[in-house]
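So that the names make sense, note that chain A is the first sequence line, chain B the second, and so on, each numbered from 1.
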2 protein chains.
Amino acid sequence: MRESTGGTRERIQAVALELFTEQGYEKTSLREIAERLNVTKAALYYHFKSKDEIVSSFVDDRLRRMDELIEWAGTQPATLATRRELIGRYADAMFAGELPTVMRFFEQNQTVLKSLAAGQQMRERMMRLAHELSRGDDTPAAQLRAVLTLFAVHSSWFAVRTPGITDDERKKIALEVADELLAKITDES
Amino acid sequence: MRESTGGTRERIQAVALELFTEQGYEKTSLREIAERLNVTKAALYYHFKSKDEIVSSFVDDRLRRMDELIEWAGTQPATLATRRELIGRYADAMFAGELPTVMRFFEQNQTVLKSLAAGQQMRERMMRLAHELSRGDDTPAAQLRAVLTLFAVHSSWFAVRTPGITDDERKKIALEVADELLAKITDES
DNA sequence: ACCTGAACACCGTTCAAGT
DNA sequence: ACCTGAACACCGTTCAAGT
């Protein structure tokens with residue numbers, strides 16, 4: 001319940017997320033963020049250790065949800081039903097609540113994925129998720145298919161250009177295509 | 001035949017491509033590049049208008065090849081055979097000659113895609129290629145599948161983790177998975 | 001034609017100091 | 001606890017000047 005006014009930290013996060021998404025991470029300077037909030041650049045360093053720690057701060061719950069998913073998948077049998085359930089839950093998480101905003105940030109800042117700490121963690125989680133999705137089928141094709149199902153969920157944001165399409169429809173299409181890919185994993189019945 | 005020694009321009013390109021791939025674009029300074037070549041930073045500006053023009057210079061033939069592909073596809077009927085041929089040619093181009101080096105640069109610098117002029121052009125060409133791949137089937141699912149076939153070719157570089165796998169095998173797997181996706185486009189026979 | 005030296009405005013980061 | 005002022009080293013870019 002401690003939010004009152006003040007909450008400079010939260011205001012920094014909000015402004016940073018907005019500007020990073022609009023203009024990109026590298027092109028947004030701390031001076032710009034500080035000016036919007038009527039504080040000095042140095043003030044930002046009281047709340048965050050560095051520029052990319054601001055990113056980490058709003059990427060962290062995304063990481064937590066992915067960790068939960070990975071852990072849950074580990075307890076399930078390596079069947080098609082599990083894979084379907086896993087990608088479904090993943091899509092739910094990506095399309096729900098505050099996350100679409102963070103999602104758009106990621107779409108805008110794909111390149112930042114490499115250098116930033118938060119980006120490397122995201123990449124690692126994606127590979128772990130993909131690993132769960134192809135568990136039980138260690139062929140190269142299965143590994144590729146697993147990664148592509150995740151991409152299906154992500155790229156539905158920009159790949160589908162049908163005008164007036166809703167987020168729900170995007171999600172449905174993404175899952176439809178993902179399911180086809182998943183069905184080809186472990187055909188060793 | 002004008003290469004002799006000298007060729008400072010070519011040496012800049014070589015060193016830049018190497019460092020950008022190793023450390024990333026943003027983390028590589030012009031000072032670093034200049035020092036390796038025993039020239040001053042300002043000398044780089046005699047050969048290139050800006051830092052991202054260095055990137056453009058070695059991304060340009062990639063763009064040209066993509067343009068050729070797009071143009072060729074436009075002259076062909078919108079059939080599965082055309083789509084297969086198109087993605088096959090695309091994979092050939094991506095895996096052949098000098099391009100794998102540039103490809104690794106792109107894998108390392110995905111984020112740079114957004115801000116850099118060269119990156120935006122690449123994105124645009126990818127969407128145009130995807131558009132050719134889904135021509136004749138304007139459902140959202142087809143658009144998504146088309147984009148994913150291109151990703152299949154790209155992500156085979158890192159998604160397949162089988163040790164000791166060759167580039168040829170990667171390409172083969174990528175095309176196999178791509179073909180499955182393409183087969184689902186235009187089932188309105 | 002090819003390159004240098006020196007300057008420019010700006011960047012992220014640090015830190016002593018103020019309240 | 002929260003923020004400022006001033007400085008730090010470094011960045012990409014420009015430009016007059018040299019050969």
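- The shortest distance between the side-chain N/O atoms of His47(A) and the OP1/OP2 oxygens of dC3(D) is below 4.0 Å.
- Straight-line distance from the NZ atom of Lys49(A) to the P atom of dC15(C): 14 Å, rounded to whole Å.
- Checking the phosphate oxygens (OP1, OP2) of dC3(C), a side-chain nitrogen or oxygen of Thr8(B) falls inside 4.0 Å.
- Judged by a 6.0 Å distance limit and a 45° cone about the ring axis, Arg123(B) is positioned over the six-membered ring of Phe158(A).
- For Val39(A), taking side-chain heavy atoms from C-beta onward, the closest of the listed nucleotides dC3(C), dT4(D), dT13(D) is dT4(D).
- Here the P atom of nucleotide dG5(D) and the NZ atom of Lys41(A) are 13 Å apart, to the nearest Å.
- In this structure, the NZ atom of Lys27(A) is 13 Å from the P atom of dG12(C), given to the nearest Å.
- Whole-Å rounding puts the Asn38(B) CG to dT4(C) P distance at 9 Å.
- Hydrophobic cluster membership differs between Tyr46(B) and Val55(B), with clusters built from Ile, Leu, Val, Met, Phe, Trp and Tyr side chains linked at under 4.5 angstrom.
- For His154(A) and Phe151(B), the ring centers sit 6.0 Å or farther from each other.
- The nearest whole Å value for the distance from the CG atom in Leu30(B) to the C1' atom in dC11(D) is 9 Å.
- Taking a pair to require two hydrogen-bonding distances under 3.5 Å in either a Watson-Crick or a G-U wobble arrangement, dC8(D) pairs with dG12(C).
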Query raised in the report: Are Leu133(A) and Leu150(A) close enough, and set up right, to give a side chain to side chain contact (heavy atoms under 4.5 Å, CB included), and what steps lead you there?
Result: CA-CA 9 Å; Leu133(A) 283 170; Leu150(A) 296 173; 4.1 Å; yes

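- With a 6.0 Å cutoff to the six-membered ring centre and a 45° limit on the axis angle, Lys27(A) does not count as a cation-pi contact of Phe20(A).
- Within the structure, a side-chain polar atom (N or O) of Arg31(A) is placed less than 4.0 Å from OP1 or OP2 of dC11(C).
- Put simply, CZ on Phe48(B) is 12 Å from P on dC3(C), counting in whole angstrom units.
- At dT13(D), one or more side-chain N or O atoms of Tyr45(B) fall inside 4.0 Å of OP1 or OP2 (strictly under the cut-off).
- The side chain of Thr40(B) contributes no N or O atom lying less than 4.0 Å from OP1 or OP2 of dG5(C).
- Regarding contacts with the backbone of dC3(D), every side-chain N or O of Tyr46(A) stays at 4.0 angstrom or more from both OP1 and OP2.
- Of all nucleotides listed (dC11(C), dA6(D), dG12(D)), dA6(D) comes nearest to the side chain of Ala42(A).
- If you take NZ of Lys51(B) and C1' of dC11(D), they are 8 Å apart, rounded to a whole angstrom.
- The CG-C1' distance, from Leu37(A) to dC2(D), rounds to 14 Å in whole Å.
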